[in-house]
Amino acid sequence: MKIATYNVNGVNGRLKVLLRWLEEARPDVVALQELKGPDARFPVQEIERAGYGAVWHGQKSWNGVAILARDQEPLLTRKGLPGEPKDEQSRYIEAIVDGIVIGGLYLPNGNPYPGPKFDYKLRWLQRLQDYAAELLELDVPVILAGDFNVIPTELDVYKPERWRNDALFRAEVRESYRKLVGQGWADAVRELHPGERIYTFWDYFRNAYGRDAGLRLDHLLLSPGLAKRLTKAEVDKRVRGWEHTSDHAPVWIELSESAIKRRDD
DNA sequence: ATGTCACTACTTTAGTGA
């Protein structure tokens, strides 16, 4: 089973890129972020024609998240993260596909630091921690997938010094993410590629992709039982090189049907 | 500070968020 996360940076503006990638990669499940359109503008027909059922949580202009499932309809379980009822931003959607709870998220960017946007990001991270702990207590298979807007460690950024005071890399943000993962989640890409430089995002500015000046922002966190089924975790880096593409590349994992034996087990 | 995108409303160009 192949499960992906992809910040499309405008689901309508990038529809051709998304459809091309779906056809080439054929993921079973996809969490999408930055739809950048209201619910009514979600391109459900084109996505269905590509063979995917979908649930989505849109918003005019900004944010917006969706979950796609090949040849089936995802079973919607939640829109929005609990903890701040007045929060209007569409940043969390959750659905069950093949018995797995998929939490699709688009964490606030948080820039500029300091300021109210940064404070909102820290609150959102705390809300995510609280809710993620509840999910783990259910003891069911869960994947939290999305654009976390967090650079977890120095290995995940081309030039750490330049990003020290950026909301993606501030110490308190990394600390909050570290606590979240420490609840018992497995960062799938790191699990299979420890010590390797892997990026999922390259700025549009200054030929960042050409220089491989990237950041690792898009993550798939697996509940303990699912971590035992993890066989592959990759970034579809080539997609970032396509015309009219998103500034993020898709990230995907492969899960086996049952627990597998790995060296460190 | 800069750079480059998508999106929106509307003075089809300028704001804004990333």
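Naming: A, B, ... by sequence-line order, numbering from 1 per chain. For the numbers below, each heavy atom of this structure counts, side chains included, while hydrogens, waters and symmetry mates do not.
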Original post:
Rounded to whole angstroms, how far apart are CD on A:E243 and P on B:dC5?
Top reply: 10 Å

**OP:** Tell me yes or no: between the side chains of A:R170 and A:Y113, is some donor less than 3.5 Å from an acceptor?
**Re:** yes

Original post:
Using 4.0 Å as the upper bound for N to carboxylate O, is an ion pair formed by A:R41 and A:D39?
Top reply: no

**OP:** Pick the C1' atom in B:dT11 and in B:dG15, then give their distance to the nearest Å.
**Re:** 13 Å

Subject >> Side-chain N,O (A:R41) to OP1/OP2 (B:dT8) below 4.0 Å >> reply: yes

Original post:
Any salt bridge between A:D28 and A:R70, counting N to O under 4.0 Å?
Top reply: yes

**OP:** Under 4.0 Å from any atom of DNA chain B, heavy atoms only: list the residues of residues 202-221 of chain A that qualify, in numerical order.
**Re:** A:Y204, A:F205, A:R206

**OP:** Could you tell me the separation between the CG atom of A:N7 and the C1' atom of B:dC5, rounded to a whole number of Å?
**Re:** 12 Å

Original post:
Within the structure, does a side-chain N or O atom of A:K36 lie under 4.0 Å from either OP1 or OP2 of B:dG17?
Top reply: no

**OP:** Find the distance A:R14:CZ to B:dC7:P and express it as a whole number of Å.
**Re:** 7 Å

Original post:
Considering only side-chain heavy atoms of A:W62, which listed nucleotide, B:dG17, B:dA9, B:dA18, is closest?
Top reply: B:dG17

Subject >> Separation of atom CG in A:D247 from atom P in B:dC7, rounded to whole Å >> reply: 12 Å

Subject >> Sidechain N-carboxylate O distance under 4.0 Å for A:K237, A:D212 >> reply: yes

Original post:
Got a second to check how far A:N109's CG is from A:E34's CD, nearest 0.5 Å?
Top reply: 8.5 Å

Original post:
If you measure from the Lys or Arg side-chain nitrogens to the Asp or Glu carboxylate oxygens, is any gap between A:R178 and A:E175 under 4.0 Å?
Top reply: yes

Subject >> Nearest-Å distance for atom pair CZ/P, residues A:R91 and B:dG17 >> reply: 12 Å

Subject >> Whole-Å distance separating the CH2 atom of A:W163 from the C1' atom of B:dT2 >> reply: 13 Å

Original post:
When you compare B:dT12 with B:dA18, how far apart are their P atoms, in angstrom units rounded to a whole number?
Top reply: 26 Å

Original post:
OP1 or OP2 of B:dA9 sitting under 4.0 Å from any side-chain N/O of A:K60?
Top reply: yes

Original post:
Between A:S61 and A:K117, which is nearer to the 5' end of DNA chain B once each is assigned its nearest nucleotide?
Top reply: A:S61

Original post:
Which nucleotide sits closest to the side chain of A:Y106: B:dT8, B:dA18, B:dA6?
Top reply: B:dA18

Original post:
Strictly by modelled atom types, are A:D247 and A:W202 linked by a side-chain donor-acceptor pair under 3.5 Å?
Top reply: no

**OP:** Quote, to the nearest angstrom, the C1' distance that separates B:dT13 from B:dA1.
**Re:** 23 Å

Original post:
Rounded to whole angstrom units, what separation is found between the CZ atom of A:F118 and the P atom of B:dA18?
Top reply: 14 Å

**OP:** Specify the residue among A:T245 and A:G37 whose closest nucleotide of DNA chain B lies further upstream toward the 5′ end.
**Re:** A:T245

**OP:** Take atom CG of A:L168 and atom C1' of B:dA18, then tell me their distance rounded to the nearest Å.
**Re:** 9 Å

Subject >> Distance, P atom - from B:dC10 to B:dT4, rounded to whole angstrom >> reply: 28 Å

Subject >> Donor-acceptor pair between A:Y120 and A:D87 side chains, under 3.5 angstrom >> reply: yes

